[in-house]
Engineer: 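I'd like to ask some things about the structure below.
Throughout, protein chains are lettered first and strands after them, A, B, ... in sequence-line order, and every chain is numbered starting at 1. Just so you know, these numbers come straight off a predicted model, no measurement behind them.
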Amino acid sequence: MREVYLDYSATTPVKKEVLDAMIPFFTEEYGNPSSLYKKGRYAKAAISDARKKIADLIGATDREIIFTSGGTEADNWAVKGVAYGNKHKGNHIITTKTEHHALLHTCEHLAESGFEITYLDVDQYGMIKLEDLKKAINEKTILVSIIFANNEIGTIQPIKEIGELTKNHGVLFHTDAVQALGNTEINVKDMNIDLLSMSSHKIYGPKGIGALYINKKVKLPNYIHGGAQEYQKRAGTENVPGVIGFGKAAELAKENMEAHIKKLTELRKYFIDKIFEKIDTVSLNGHPDKRLPGNINMTFSYVEGETMLLYLDVQGISASSGSACSSSSFEASHVLKAIGIPLENALSSIRFTVGDFTTKEDLDYVIETIVTIVNKYRKISPYYNTKKG
Amino acid sequence: MREVYLDYSATTPVKKEVLDAMIPFFTEEYGNPSSLYKKGRYAKAAISDARKKIADLIGATDREIIFTSGGTEADNWAVKGVAYGNKHKGNHIITTKTEHHALLHTCEHLAESGFEITYLDVDQYGMIKLEDLKKAINEKTILVSIIFANNEIGTIQPIKEIGELTKNHGVLFHTDAVQALGNTEINVKDMNIDLLSMSSHKIYGPKGIGALYINKKVKLPNYIHGGAQEYQKRAGTENVPGVIGFGKAAELAKENMEAHIKKLTELRKYFIDKIFEKIDTVSLNGHPDKRLPGNINMTFSYVEGETMLLYLDVQGISASSGSACSSSSFEASHVLKAIGIPLENALSSIRFTVGDFTTKEDLDYVIETIVTIVNKYRKISPYYNTKKG
Amino acid sequence: MFNDKVIEHFMNPHNAGDMDNPDAEGTIGSPVCGDIMQIFLKIEDNIIKDAKFKTFGCGSAIASSSVATDMIKGKTIEEALKVTNKDVIDELGGLPSQKIHCSVLSEQAIKTAIYNYAKKHNLEFEGLKGFDPNFDPHEHHDE
Amino acid sequence: MFNDKVIEHFMNPHNAGDMDNPDAEGTIGSPVCGDIMQIFLKIEDNIIKDAKFKTFGCGSAIASSSVATDMIKGKTIEEALKVTNKDVIDELGGLPSQKIHCSVLSEQAIKTAIYNYAKKHNLEFEGLKGFDPNFDPHEHHDE
Ligand SMILES: Cc1ncc(COP(=O)(O)O)c(C=O)c1O
Ligand SMILES: Cc1ncc(COP(=O)(O)O)c(C=O)c1O
């Protein structure tokens, strides 16, 4: 049976070149980068090299890149770090209703200890309004944290404009760029970004490694204390193979960015057009163009999402109902709710995310399968008949 | 030139079997364990399997094992978690003067926000006295955190007795078992351990993955917020290959424990005996028997440690001055200070740690080299002549 | 996660779809809870001659209904009322614990259809004693 | 970390060891700061005829002293006083930034020896102006 992976936003396979770069660091070049001897220095130099590649991908300098265990840790660190480090200045944080759980649950945690969180609304496409943001900033605001590109619906926020605004108001700006990385131009200096979260496993690197960009002017308290690693900003023996893999993945992402975006955008358009052609009563969620090149989030009304995913799975197709973190419990997505999708449609929405290894033939197979599913299960859907019959 | 790695306490090479177990999870079985489809379920099942192996190594149940990014994160989580979660009960934490920096710097951080830390003294061998511990516990004490086996001098604490004591006093007991794991019997139930930190890269597993054992009766607030991974206790996409590697390493550690301990103990004794035989004015730091099987920490008086390490390095030999995390800055070790070693002797102390790939021939080469170094640099040491000449 | 029998019934459900002029109909659930289950019955001489279902619900709900409708066909009403969600699960060869409520859904839908039938015809059935048509399976399932 | 020349001087230091009846001796550092450097000089007619050093110090201190003693041999005292740690580093082909203080140590030890010599013989040297024998290189190096 054909196997088609269409969940590149949940995670990506590690590219062969990336794995090849990592391999020596497991069994041969296993030195601890903090060690003074040759093996240690070799590992340390390799880390510096990887750091530079990641810095290059976002227009930062290498000392501004601090490795973490992933995007989640980076989000936790950025937001809690600014919060705890700026208590004397204020207790107000602004974010959006469409953040990843790593951000939302961190904010909820902070709310329990006295921080005030404003969750900005978004429009039908998932876009925040700059006016809303401007209005929300007050003299107690210490941080604005807005997701660069949404993981469920792919909407890309006006980051440069937000950076301009926060800069003018003297408020720190963090963005969760886990999904955006490698999929759209990022330049932290042009965009006035103070803190930016990244994760390796979304750009064909290994899982369990990520990074936080910390603008050199920003003093962020440490979150994980211990040894003197990472310029004394993040303790713990470095995940050397992970760092090397992330570095290689970042290098490839930079080299391939243009072709990657072009290819994914084409595949996305192809898929969406075909679906609209073949199935009635479907809709696309998120912004028509200002979205991640590989993101397709559609509502197949009258067909329950989990049914669809299960059928796809049986046919060898991997897709998801939104964020992977919550897909074990099939609940309506907070993001779809925020863009005003009614519950039954939210429960009929599926996210397909294409990637570097996706082919048109894969998509044809998936489209065909979707048509079968929709026909089959709409027939036995109480709503469909009621409304159509 | 011969290459001899004698820094197994800093980090270990990944064993071939471990890497082989990990490989499929990079490029083939790359599914996100939170995903509902086949690839996701496969990864999830593999994680469960690894979790079980780690639980088995320490006599825990699998749900009590929560993966972290390493020993440092586990230490941070355990200590800060208990501290923040038990503020209403008290603000007193007891630890020792010979903890790893992951613990010490975490405690210093807590001290800044109002927690009171008692740092227990140790005797000349690095042992705490149970009497001291008993006396230190008061009605505000919420946590006792004592390192299982010391990373610099290898001393193994009377963990079972400490567990007995803390249990009788109703105080939580955390131990940093990063060095002890696989090197001495650990049974969290017999030993009444509530929280225990582990790290994969010290037992021939990959870097960047560790775990915290949390006794099922203990309610520990989360430290990294976000998705619902790890029974909703630790958010972030799981480092699947890392987890699998750690699991395999734990399995091997359990299988080989007896032979491993026997072999390392023999190598250690061989090394120490030869050194005593060939060089005057040397001493062994740490406890004569209650120590990690592979740990050798010796003072070669009148020879400066960094000189020695550099010479060894040039000869292809990797050793360290103590903990890897601080070895980039050659400072006198807090552990050697705590056992009463005068500064000049602390600066003349070297840690050699043998491991599964060490041979007697390796040690002969190292011993020979040490004799050369000591003869050569003692001759030009101002102290040596003064005292001996 | 699911065994082959569940998958088979999910992908090729028996008795799925509309029924012309059913003697009994029962609907349970609502869009708000994410699942809706509808059962149609043909009843003759106290015997369930035919059963059909429609659902907007997950795969386990579909498989459960497929099996449940199979099981009650040809049975008397009293016999049909004795078919529990446990029987449905056994017939399916097991369901994951977080999917137990789906089997409850189909049991309840059948009971609701019979309840409506009893009301319409002023009948009483032993097996409906204590049955509450507004029962919400989501509040009762244990995970 | 270290270049070959540093390693060579570290492993086979020139002028290391004791000197019988030195004309001048200078010690700098102490066990407390972890480094100690001792310099012995033979001086004849204002010229440094021989120089030796002993140290309990790291590899860069040894290499620096090896080079520094080489450099001052045959020089007049005034010339020797002009040899700076910068000259020593240049001669070594560079030192890592956190090791700069080691080269300072050897410069200071030589100056201290000459300072002691000057005191003993009641001499004054232009190059010792402002020199403080209690100078601690650890407080001044920048990393
Ligand atoms: C937008 C976003 N933020 C954060 C994360 C978390 O990153 P990680 O899985 O590396 O912890 C993810 C993906 O899981 C994501 O999509
Ligand atoms: C005793 C001890 N605790 C904690 C750690 C930190 O573990 P990790 O390197 O996995 O962060 C180490 C080693 O680095 C250690 O030896």
Engineer: Which bit of Y223(A) comes within less than 4.5 Å of chain B, counting heavy atoms only: side chain, backbone, both or neither?
Structural biologist: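 The answer is both parts of Y223(A).
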Engineer: Which heavy atom of V14(B) sits nearest a heavy atom of T27(A), and at what distance?
Structural biologist: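 V14(B) and T27(A) have their closest heavy atoms at O-CG2, 3.0 Å.
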Engineer: Please say which of Y5(A), F357(A), Y204(A) ends up in a ring-ring contact (aromatic ring centres under 6.0 Å, His included) with Y30(B).
Structural biologist: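 Among the candidates, only Y5(A) passes.
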Engineer: Give, as side chain, backbone, both or neither, the part of E238(B) having an atom under 4.5 angstrom from any heavy atom of chain A.
Structural biologist: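 For E238(B), the backbone is the part near chain A, not the side chain.
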Engineer: Among L104(B), T72(B), V243(B), who wins on heavy-atom pairs under 4.5 Å with chain A?
Structural biologist: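 Among L104(B), T72(B), V243(B), the one with the most close pairs to chain A is T72(B).
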Engineer: Look at T68(A), T12(A), V314(A), V18(A) and state which one has the largest set of heavy-atom pairs under 4.5 Å with chain B.
Structural biologist: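 Of T68(A), T12(A), V314(A), V18(A), T12(A) has the most heavy-atom pairs under 4.5 Å with chain B.
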Engineer: Can you tell me which portion of K39(B) sits under 4.5 Å from chain A's heavy atoms? Options are side chain, backbone, both or neither.
Structural biologist: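 Just the side chain, heavy atoms under 4.5 Å.
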Engineer: Taking all atoms of both residues into account, what is the closest heavy-atom pair of F26(B) and M22(A), and its distance?
Structural biologist: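 Shortest heavy-atom contact: CE2-CE, 3.7 Å.
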Engineer: Only pairs of heavy atoms separated by less than 4.5 Å count here; which of N239(A), L312(A), L310(A) has the most with chain B?
Structural biologist: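 Greatest number of close heavy-atom pairs with chain B: N239(A).
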Engineer: Going by ring-ring contact (aromatic ring centres under 6.0 Å, His included), H225(A) matches just one of H105(B), H100(B), H101(B), H109(B). Which one?
Structural biologist: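 Exactly one pass, corresponding to H109(B).
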Engineer: Less than 4.5 Å apart, side chain to side chain, heavy atoms only: is that true for D313(A) and R41(B)?
Structural biologist: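 Yes; the side chains approach each other to less than 4.5 Å.
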Engineer: Just by distance, with hydrogens left out, do Y37(B) and D7(A) show a side-chain donor and acceptor under 3.5 Å apart?
Structural biologist: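 Y37(B) vs D7(A): donor-acceptor pair found between side chains.
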Engineer: Hey, are the side chains of F25(A) and K207(B) touching, using non-hydrogen atoms and a 4.5 Å cut-off?
Structural biologist: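 SC-SC contact between F25(A) and K207(B) ruled out.
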Engineer: Give, as side chain, backbone, both or neither, the part of L19(A) having an atom under 4.5 angstrom from any heavy atom of chain B.
Structural biologist: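 Side chain only.
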Engineer: Tell me whether N32(B) contacts the main-chain N or O of T11(A) through its side chain, where contact means a donor paired with an acceptor under 3.5 Å.
Structural biologist: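 Such a contact is absent between N32(B) side chain and T11(A) backbone.
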